[in-house]
Amino acid sequence: MLTAILFIPLGMALLGCLLPNRLSGWWAFGGSLVSVGFAIALVAGFDSASGELQHYVSESWIPDLGVSYQLGVDGLSLFLILLTSVLWSAAILWSAMQVPDRARNYFLMLGIAQTGTLGAFMAQDLLLFVLFFDLMLIPFYFLVGVWGDGPDRVAATIKMIIFTLVGSLLMLAAAIATAVLSADAAGGLTFSLETLRSVPLADGSQYWIFCFFALAFLVKMPAFLVHGWMPDAYRACPLPVLALLGGVLSKVAAYGFLRVALPLFPDAAVHFQTLILIVALGSILYGSVMAFTQTNVRLIAGYSSMAQMGFITLGIFSLVSDGGDGAVIQMVNHGLVVAPVFFIIALIAARTGTEDIREMGGMAMRAPILAILFVIVTMALLAIPGSANFVGEFYILAGVFHSKVAISLIASSGIAFAAFYALRMYQRIMHNRLPEGMESREITLREAVVVVPLVLCIIGLALYPGLITTRGAASVDRSLAALCEADACPDSTAPESEDPGSPGESEDPASEGLAERRFGPSWTAYAPIPASPSAPASPGTPSSPSEDAQ
């Protein structure tokens, strides 16, 4: 099933190149709907009680280099795959109704980008993850540079590519170094994430490799101090593409921390925890202040996204389960909220001819349905109690408070800042005096077909946020388990023994490590791969007791 979800968007986009321009978008939309259907089936059939990777695929790809085609899904990636499929369908549908120039090439780029993003969420081989991570850059280079807005789109594209490409090249070097340095302990060169997790590197190697991965992820988010590409790219990017850039691509970076950085480099994650938390705090405060001072709606939403990604990073590097659970639900929440924000910006800009909130106003009286949809999205953006965003931020702050009280208290101010910039944006657009010559009309049926389903998803998650948390909790715990094994987890207590020859024994069961108490003595930070005739065990994968008996 995962291979079908991964390659259907690309295959349909390629076939769409054989159709006339006016039909290629609808063909690509049909392919995206098939992908959504498979993703929904994936969620419906997901066993939340199981800690194993599900729908696991493993095929040898480049055996001489230890590279395998390994795909799998667990609670970390399950809803991010669904989010990707849903938002890509919305963006393709919006674009298909507009018929962009060179439509076949445009929708081909969207198909390549979707496959690259889905691949990053599914990959269980480190080099495969890096390749999909880098593949996303190629189509967005053309989508912004060719179909972007404004005379500075080429310069904005070059800046975006330089920033992200430097981080990606560092990550590629770090991935190769990880496999090479682990080769002796792993019994051969391998990029399998589970195998690499079972043979951790020495502290010194972990430190510099972790820094390379962290830089690549922070640039992609973007985070404070490495966000220089974001303002120009957001101004130049086509709005449907911007909904994907802000709603999905930044989540690949946060997901990378949970999937790669924490399990593979636990000692480095603990060592640099405070530094990353300070960067995340800077993203929250700087992004919030900048969102309040901007008048361009794109940049308000862009800096708002920067602040929200700061909260997500904060939750991940709280290094406790509550923070990680909050980060997972907030990744999905933010994607569902920021995408309709950009779609609403697009339709309002089409009516007003401007993206400056000082020149907007008067929409609420003449477009009440649009105003209601916009206020729901705005309330979710500022994480009002009762919204799923509130639940996510509550989990995150609770997790950070458990480990870093001062940072948690300062980060709480970001919630108040969100109320300022979100309500300011809504009031200026909807309730200011209607400027002369501005067209004010209700949302059309075609526009509602894109926006309303996303708003319904926001309401649905507000009513039942446990849909995500119940399926992601076990996977978050396993991602953090390597930290607990190293006695770096705030909840863990080191096992003690009076007999040096038996370090794993303890008279008091309560003194055992948190990871062993939760998962038993044979746990791994990655979900165990189910044994099957078609999926040979990776090197270093421990056999089960039943297999030993046989």
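For the numbers below, each heavy atom of this structure counts, side chains included, while hydrogens, waters and symmetry mates do not.
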Parallel, tilted or perpendicular for Phe272 and Phe210, by the 30°/60° rule?
parallel
In this structure, is the centre-to-centre distance between the rings of Phe317 and Phe257 below 6.0 Å?
yes
Heavy-atom donor-acceptor pair, [X] side chain to [Y] backbone, under 3.5 Å:
X: Thr115; Y: Leu6; answer: yes
X: Tyr255; Y: Phe121; answer: yes
X: Gln206; Y: Ala268; answer: yes

Contacts of type salt bridge (charged side-chain N to carboxylate O under 4.0 Å, His left out), residue Lys159, not counting sequence neighbours
Asp232
Contacts of type ring-ring contact (aromatic ring centres under 6.0 Å, His included), residue Phe133, not counting sequence neighbours:
Phe129, Phe217
Going by side chain to side chain contact (heavy atoms under 4.5 Å, CB included), Trp229 matches just one of Ile161, Val219, Ile158, Ile162. Which one?
Val219
Only one of Leu461, Ile396, Ile468, Ile312 forms a side chain to side chain contact (heavy atoms under 4.5 Å, CB included) with Ile329, so which one is it?
Ile468
Name every donor-acceptor pair, under 3.5 Å, that has one atom in a side chain of residues 176-187 and the other anywhere in the protein, sequence neighbours excluded.
unit_1 : atom_1 : unit_2 : atom_2 : d
Thr178 : OG1    : Ala174 : O      : 2.8
Ser182 : OG     : Thr178 : O      : 2.8

Apply side chain to side chain contact (heavy atoms under 4.5 Å, CB included) to the pair Phe265 and His271, showing each step before the final yes or no.
CA-CA 10 Å; Phe265 317 111; His271 181 77; over 6 Å; no
Quick one: do the Thr3 and Tyr69 side chains pair a donor with an acceptor below 3.5 Å?
yes
More than 12 heavy atoms of other residues, nucleotides or ligands under 6.0 Å from CZ of Phe7: is that the case?
yes
Does Tyr56 form a side chain to side chain contact (heavy atoms under 4.5 Å, CB included) with Ser58? I'd like the steps, not just the answer.
CA-CA 7 Å; Tyr56 181 71; Ser58 179; 3.4 Å; yes
Trace of the side chain to side chain contact (heavy atoms under 4.5 Å, CB included) decision for Gln330 with Gln308:
CA-CA 8 Å; Gln330 199 66 0; Gln308 291 301 312; 3.2 Å; yes
